[in-house]
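Encoded as structure tokens, the structure appears first; notes follow it.
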Amino acid sequence: MSGGILILVEHLKGELSQISYEMLGIGRKLAEASRAPLYAALLGSDVTALANRLGAADKVLLVEDSRLTMPPAGTVASLLKVLIEQQQVSLVLVGGTNITMGVGSMLSVRAHLPFVNFCREVRLENGAVVLTSQLFGGKIFSDVRLPDGRGIVSVYPGAFPADHDRSERASAVENVPVPIETSSVVFKRFIEPEVGDVDITKQNVLVAVGRGIQNEDNLALAEDLAAALGGVICASRPIIDQGWVPLSRQVGKSGMIVKPKLYLALGISGAPEHVEGMQGSQSIIAINTDAQAPIFDVAHYGVCGDLLEIVPVLTEKIKARKG
Amino acid sequence: MQAFVLLKLSPDTVDELTVAADGKSLETEALRFKLGDSDEHALEQALLLKEKYGGTVTAVALEALEVDDVLFTALAKGADRAVKLSGEFTGSQSHAAAGAMGSFLQSGDAALPADALILLRSQAIDDLDGEIGPFLADLLGVPYVGGVTGVAVAGEGLLVTKEFAGGLRGEFTLPLPAVLGIQSAEKPPRYVPIAKVRAAMKSGRMETAEIPLPATPASFTVERMYKPQAAGRAEMLEGAPEIVADRLVAVLAKNNLI
């Protein structure tokens with residue numbers, strides 16, 4: 001790797017996203033190993049205050065402009081292209097999140113660099129950059145080598161520790177004058193999360209249902225189990241998309257991040273997008289018919305079996321025990 | 001509005017995935033292919049837009065095993081045209097998919113229609129080299145928004161809803177023509193009876209377009225594909241439902257959860 005490393009700082013409504021710290025952590029490690037400078041690109045409107053919290057970077061490249069309120073992917077990609085040429089950057093890290101979605105792909109076209117998605121590990125092997133990506137819902141890993149160590153990498157949220165890079169030390173900040181193209185994609189407004197009947201982030205016990213529940217009528221089984229345990233039900237994306245469970249109860253990447261005392265996953269395969277939302281739960285129990293389902297890699301206890309047979313028996317036994 | 005839905009099949013992960021002898025790819029012999037959830041939602045969103053605002057829906061799919069069924073199903077659901085892009089696309093990545101779709105939309109001297117809306121999956125489980133949507137949008141020189149969960153016509157253009165995180169969403173406007181990466185449609189994908197799919201098959205309305213394999217830019221090298229070794233693994237409880245339930249109750253009790 002001949003040039004610098006740049007991370008695209010992700011922020012939402014004035015707050016730095018967790019993924020920003022995760023990328024700073026990886027970037028710092030690579031920077032030390034390759035003796036390359038680590039840049040943090042901070043783009044947005046009214047974001048100067050955030051620059052003080054990016055101390056893990058050697059330099060913050062700040063582009064502040066009122067037109068950069070929730071900028072579209074194309075605008076961000078164009079800005080990053082200028083920055084990586086100006087600063088002679090080899091490796092760009094962007095967040096694998098809905099907020100940044102599209103930026104890496106567009107930047108790779110415009111900067112003529114390869115783009116690697118779903119990355120959960122970055123390492124140097126004899127000076128070469130080798131990445132490990134997770135594919136097919138986490139069932140297969142792929143090791144990829146970047147030619148000349150140059151490329152754009154989308155970092156999967158939650159795959160890297162972040163806490164030690166919440167550096168409060170001030171970093172050098174450079175206001176970079178970059179022309180901002182006017183985009184035909186215009187941000188209009190935020191739509192706040194729907195307020196549900198319960199806040200699943202505050203529950204001690206969650207019974208989560210996935211595709212394995214098969215149909216809406218079977219939800220009653222999960223509801224009964226949740227009631228017996230003193231909890232509520234929540235769901236993975238396919239169930240929410242079917243309209244069987246309200247959006248306010250979605251767990252995962254675009255839903256809620258939950259950390260209950262007990263997370264009981266029924267018929268959930270454990271795709272990375274779902275795991276991102278529940279891996280911090282204290283006790284995880286999973287029931288699934290597929291013995292290879294990735295949910296068993298994050299669960300503490302697992303049952304390979306048919307939830308439709310097991311759940312009613314389990315509910316009755318819990319009720320009996322509680323009297 | 002002329003809606004084009006790009007459909008690309010992905011390996012069905014319900015089946016066991018096996019790494020091929022080269023250690024760098026999947027064993028394709030045993031693979032079954034299917035549409036991903038967000039592909040299904042992209043088609044549904046296009047059909048909803050047609051129902052609400054009129055216009056046409058053209059379903060376009062890259063040639064692959066089982067692709068005929070997918071296209072006939074699209075016709076049965078209400079698509080006006082179904083086009084199979086014929087070529088060696090098996091195992092091809094997002095760049096190639098975008099290139100093929102770009103060639104179809106701008107074949108010969110034909111320009112992209114001014115009222116074209118291209119809908120496709122936001123991101124799929126095998127998009128190792130990136131999402132198709134941004135590649136296609138840049139190729140066509142039109143705007144792109146991904147992670148979309150709602151689309152409405154607003155004036156000459158569109159008002160789209162994009163999801164961020166934690167239930168937070170945002171609204172954006174953009175003109176046509178445009179590319180949208182659909183995360184989920186406003187309604188669940190519709191069910192279509194098999195009889196209707198068979199009728200679509202008999203109608204023979206599927207078109208085929210020969211597309212030269214697009215040149216793909218210099219990319220990374222896949223060195224190895226493998227099944228992950230989990231850092232942790234659940235303690236598996238085995239037995240008949242009665243026995244498993246007893247053991248689960250014991251686990252819950254041990255952890256002071258009941």
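What you see below is based on every heavy atom in this structure, not just the backbone, and it leaves out hydrogens, waters and symmetry mates. Order of the sequence lines fixes the chain letters, A, B, ..., with proteins taken first and strands second; residue numbering starts at 1 for each chain.
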Heavy-atom proximity to chain A below 4.5 Å, by part of [X]:
X        : result
B:Ala137 : side chain
B:Asp246 : both
B:Val222 : both
B:Thr149 : side chain
B:Asp129 : both
B:Lys162 : side chain
B:Val19  : side chain
B:Gln123 : side chain
B:Glu238 : neither
B:Ile132 : neither

Specify which of [options] makes the most heavy-atom pairs with chain B at under 4.5 Å.
options                               : answer
A:Val130, A:Asp143, A:Asn98           : A:Asp143
A:Lys13, A:Glu194, A:Gln250, A:Lys188 : A:Lys188
A:Met101, A:Arg189, A:Glu309          : A:Arg189
A:Lys322, A:Met70, A:Gln292, A:Lys261 : A:Met70
A:Gln134, A:Met256, A:Lys139          : A:Lys139

Check whether [X] gets within reach of chain B through its side chain, its backbone, both or neither, counting any heavy atom under 4.5 Å.
X        : answer
A:Ala228 : neither
A:Arg321 : side chain
A:Arg237 : side chain
A:Thr289 : neither
A:Ile240 : neither
A:Ile257 : neither
A:Arg211 : side chain
A:Phe118 : side chain
A:Thr201 : neither
A:Ser283 : side chain
A:Ile284 : neither

Top residue by heavy-atom pair count (under 4.5 Å) with chain A, among [options]?
options                               : result
B:Leu17, B:Asn255, B:Val244, B:Asp127 : B:Asp127
B:Leu237, B:Leu128, B:Thr13           : B:Leu128
B:Leu26, B:Asp138, B:Val14            : B:Asp138
B:His95, B:His41, B:Glu186            : B:His41
B:Ala178, B:Pro175, B:Gly239          : B:Pro175
B:Asn256, B:Thr221, B:Leu174          : B:Thr221

Which value, rounded to the nearest 0.5 Å, describes the distance between [X] atom [atom1] and [Y] atom [atom2]?
X        : Y        : atom1 : atom2 : answer
B:Leu48  : B:Leu43  : CG    : CG    : 9.5 Å
A:Leu229 : A:Leu264 : CG    : CG    : 6.5 Å
A:Ser236 : A:Arg249 : OG    : CZ    : 14.5 Å
A:Tyr301 : A:Ile287 : OH    : CD1   : 14.5 Å
A:Cys304 : A:Asp290 : SG    : CG    : 7.0 Å

(request) Please report the shortest heavy-atom distance between A:Pro312 and A:Leu221, naming the atom on each side. (result)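 Closest approach of A:Pro312 to A:Leu221: CG-CD2, 3.8 Å.
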(message) Closer than 3.5 angstrom, by distance alone: can the side chain of A:Thr132 be matched with the main-chain N or O of A:Glu121 as a donor-acceptor pair?
(response)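 No.
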(message) For the backbone of A:Val185 and the side chain of A:Ser183, can you confirm whether one donor and one acceptor N or O come within less than 3.5 Å of each other?
(response)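 Yes; judged by distance alone, with no hydrogens or angles, the pair exists.
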(request) Taking the side chain as every heavy atom from C-beta outward, state whether A:Ile310 and B:Pro241 have any atom pair closer than 4.5 Å. (result)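 Yes, close enough: below the 4.5 Å cut-off.
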(request) Would you sort out whether B:Arg169 and A:Ser254 count as a side-chain hydrogen bond (donor to acceptor under 3.5 Å, both in side chains), showing the intermediate values? (result) CA-CA 9 Å; B:Arg169 290 167 292 158; A:Ser254 45; over 6 Å; no
(message) Can you classify the ring geometry of B:Phe164 versus A:Phe190 as parallel (below 30°), tilted (30 to 60°) or perpendicular (above 60°)?
(response)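 Aromatic pair B:Phe164/A:Phe190 classed perpendicular.
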(message) Over 60° means perpendicular and under 30° means parallel, so tell me whether A:Phe141 and B:Tyr226 are parallel, tilted or perpendicular.
(response)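 Because their plane-to-plane angle is over 60°, the rings of A:Phe141 and B:Tyr226 count as perpendicular.
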[X] atom [atom1], neighbour heavy-atom count above 12 within 6.0 Å:
X        : atom1 : answer
A:Glu125 : CD    : yes
A:Lys319 : NZ    : yes
B:Lys34  : NZ    : yes

(message) Tell me whether B:Arg190 is salt-bridged to B:Glu44, with the criterion being a basic N under 4.0 Å from an acidic carboxylate O.
(response)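 Yes, B:Arg190 and B:Glu44 are salt-bridged.
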(message) What I want to find out is whether A:Asp297 reaches B:Lys227 closely enough, with some N-O distance under 4.0 Å, to be called a salt bridge.
(response)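 Between B:Lys227 and A:Asp297 there is no salt bridge, as every charged N stays at least 4.0 Å from the carboxylate O atoms.
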(request) Would you kindly check if the NZ (Lys) or CZ (Arg) of A:Lys253 is within the cone defined by 45 degrees around the ring axis of A:Tyr156 and under 6.0 Å from the six-membered ring centre? (result)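 Yes - A:Lys253 lies over the ring of A:Tyr156, closer than 6.0 Å to its centre and within 45° of its axis.
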